[in-house]
Amino acid sequence: MKSKISGVALTPLLLASFLTLPANAQDLIIMISGGTFADAQIEAFVKPFEEETGLTVRAIKSEVPANKLKLAVESNTIDFDLSLKTEADGIMLNKLGYLEPIDYSVFDKAELEGIPEGLRPSWGVGNITASFLLSSSTELEKRPTNWAEFWDVDAFPGKRTLQAFIGVQGPLEEALLADGVAMEDLYPLDVDRAFAKLEEMKPHIRKWWTSGNDALQLFNTGVADMGMNFDGRVYALQAEGRPFDLTFNQAKYYAVHWTVPKGAPHKDTAMKFIEYATRAKQQARMAEISGFAPANTAAMAFLPEEKARRLVTYPENFKTAYKLNGEWYAEVDEEGRSNAEKLQERWNVWLTQ
């Protein structure tokens, strides 16, 4: 995620000036991403947590890129308590010693069992599970149902968009799927093959989006008829009466994690907030509002069937989706450069050619 959880965000960081925000000793300060995703978290987690505990939470609608977090820790200027990170960023930051270990002793055992082990590593706890998928206008005469069809601009005419490469997020897997690679064979990514396939699509992209809000606007304003999107953002479009739908076929899912930076001013309160926000009932509330799947599997019991069917983790949807491999993106070479960092450099050069 260089780090961005984009969309779900981890939208491009507007990190206005988090390092200069005054820290009230009674506040818990959370960098909570942006847009409708942030709004949903405030309703599902922040407000009820304040009501239950009497504490005050300052939820800042922004994100903290990994590089900025590293600089803040190194300069001992961390003045927020929680931020969201993808698996790859979390693994990398943890290896470098920039995150506080999660205090799992404050969790209720039954609640903790609802969170899969993969979503509760030592450095973070699952916030939600999101997916990048193919969405398209229901007004198109022919709608693509997989990435190979999306790449077929003659058989499936329409205005296209894809996500720009941002840290660990971008259309590399989608390009390989379009070129015939099976979901189970994607990693390690054949980067040269992915860029060659992207070269075919490059002239047909109206705009490369960089955040969930960008994607929402492109579809909402008619700039794009089809392309990558977040599941939750598609549901937001539908809620506004826009004619878009999605397919979970070849959807790429990943988890967003709560993380506590090393030296957080209110570390203990941050642990309590994470525990609260990952309870099944709160997770179900978040899923209902946002359309993103809960990290706590026990939340499904609190969701109406029609809501559960719209989530990527619903069994029928899960069968045709695959997991973004954060471990691979976090791998570093002998010079200490991660796959994500090297890909970002290559993408930046490729895009300007």
Side-chain angles (χ1 to χ4, degrees), residues 6-9 11 35-37 39-40 128-164 169-171 173-175 177-178 183 201 204-254 286-294 300 303-324:
S6 231
V8 174
T11 61
T36 55
F37 180 64
D39 294 339
I128 52 97
T129 297
S131 63
F132 293 98
L133 40 70
L134 177 55
S135 66
S136 57
S137 170
T138 56
E139 295 180 342
L140 289 172
E141 188 172 338
K142 289 181 65 179
R143 299 173 53 203
T145 60
N146 57 51
W147 291 109
E149 291 180 351
F150 177 83
W151 247 254
D152 190 342
V153 297
D154 294 324
F156 296 88
K159 295 170 287 187
R160 286 163 160 78
T161 184
L162 288 171
Q163 185 189 26
Q169 298 183 0
E173 290 88 348
E174 286 73 12
L177 290 169
M183 290 190 294
M201 180 52 64
H204 305 286
I205 296 299
R206 289 296 182 95
K207 185 176 179 181
W208 304 91
W209 58 265
T210 58
S211 73
N213 282 340
D214 284 348
L216 198 65
Q217 186 172 13
L218 288 176
F219 288 109
N220 204 23
T221 57
V223 173
D225 298 319
M226 64 178 83
M228 285 178 74
N229 206 342
F230 291 100
D231 41 3
R233 301 291 180 169
V234 178
Y235 296 139
L237 285 167
Q238 292 175 339
E240 294 175 4
R242 303 297 299 168
F244 285 92
D245 206 353
L246 56 81
T247 174
F248 285 105
N249 185 32
Q250 299 182 333
K252 177 172 60 183
Y253 68 87
Y254 68 101
M286 177 67 182
E288 278 204 80
I289 300 172
S290 70
F292 290 111
M300 289 294 194
L303 285 170
E305 178 68 11
E306 67 271 21
K307 293 282 187 180
R309 284 182 175 277
R310 292 159 59 92
L311 304 175
V312 67
T313 52
Y314 188 76
E316 187 174 330
N317 302 330
F318 220 36
K319 287 189 296 188
T320 59
Y322 66 96
K323 183 178 181 296
L324 186 154

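Side-chain atoms are counted along with the backbone in the values below, which use heavy atoms only and exclude waters and symmetry mates.
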Flag if over 12 foreign heavy atoms under 6.0 Å of CD, Glu305
yes
Where the side chain of Gln250 meets the backbone of Trp147, is there a donor-acceptor pair that is under 3.5 Å apart?
yes
Among side-chain atoms of Ser136 and Arg143, is any donor-acceptor pair under 3.5 angstrom?
yes
Consider only side-chain N and O atoms of Gln217 and Thr221, and report whether a donor and an acceptor are under 3.5 Å apart.
no
When you compare the side chains of Asp231 and Ser131, does any donor N or O come within less than 3.5 Å of an acceptor on the partner?
yes
Drop me the distance from Arg206's CZ to Thr161's OG1, to the nearest 0.5 angstrom.
10.5 Å
For the atom pair CH2 (Trp151) and CE (Met201), what is the distance rounded to the nearest 0.5 Å?
5.0 Å
Between Glu240 and Tyr235, do the side chains contain an N or O donor and an N or O acceptor separated by less than 3.5 Å?
no
Rounded to the nearest 0.5 Å, how far apart are CG of Leu216 and CG of Asn229?
7.0 Å
Does some side-chain heavy atom of Leu133 sit less than 4.5 Å from a side-chain heavy atom of Met228?
no
Minimum heavy-atom separation for Pro144 to Met226, with atom names?
CG-SD, 3.7 Å
Give me the atom names and distance for the closest heavy-atom approach of Ala155 to Asp152.
N-OD1, 3.1 Å
Over all heavy atoms of both residues, which pair between Pro171 and Glu174 is shortest? Give the atoms and the distance, please.
CA-OE1, 3.2 Å
For the aromatic rings, using the six-membered ring if either is Trp, is the centroid distance between Phe248 and Phe318 under 6.0 Å?
no
Pairing donors with acceptors under 3.5 angstrom, does anything connect the side chains of Thr36 and Arg233?
yes
Within 45 degrees of the ring normal and closer than 6.0 Å to the centroid, is that where the cationic atom of Lys323 sits relative to Tyr253?
no
Is the distance between the ring centroids of Phe37 and Phe292 under 6.0 Å?
yes
Examine distances only and state if a side-chain atom of Asp245 and a backbone atom of Thr138 form a donor-acceptor pair shorter than 3.5 Å.
no
Once you round to the nearest 0.5 Å, how far does CD of Glu139 lie from CZ of Phe244?
8.0 Å
Exam field: side chain Asp214 to backbone Thr210, donor-acceptor pair closer than 3.5 Å:
yes
Please determine if Arg160 forms a cation-pi arrangement with Phe150, meaning its NZ or CZ atom is less than 6.0 Å from the six-membered ring centre and no more than 45° off the ring axis.
yes
CG of Asn146 to CG of Leu134: how many Å apart, nearest 0.5 Å?
8.0 Å
Between Leu311 and Gly291, what is the shortest heavy-atom contact and its length?
CD2-O, 3.4 Å
Looking only at heavy atoms, what is the nearest atom pair of Val312 and Thr129, with distance?
CG1-CG2, 4.1 Å
Got a second to check how far Leu324's CG is from Gln169's CD, nearest 0.5 Å?
7.5 Å
Indicate yes or no: does Glu306 engage Arg310 in a salt bridge with an N to O separation below 4.0 Å.
no
How about Phe219 and Trp209: are their ring centres within less than 6.0 Å of each other?
no
Can you name the nearest heavy-atom pair linking Val223 to Lys159, along with the distance?
O-CB, 3.4 Å
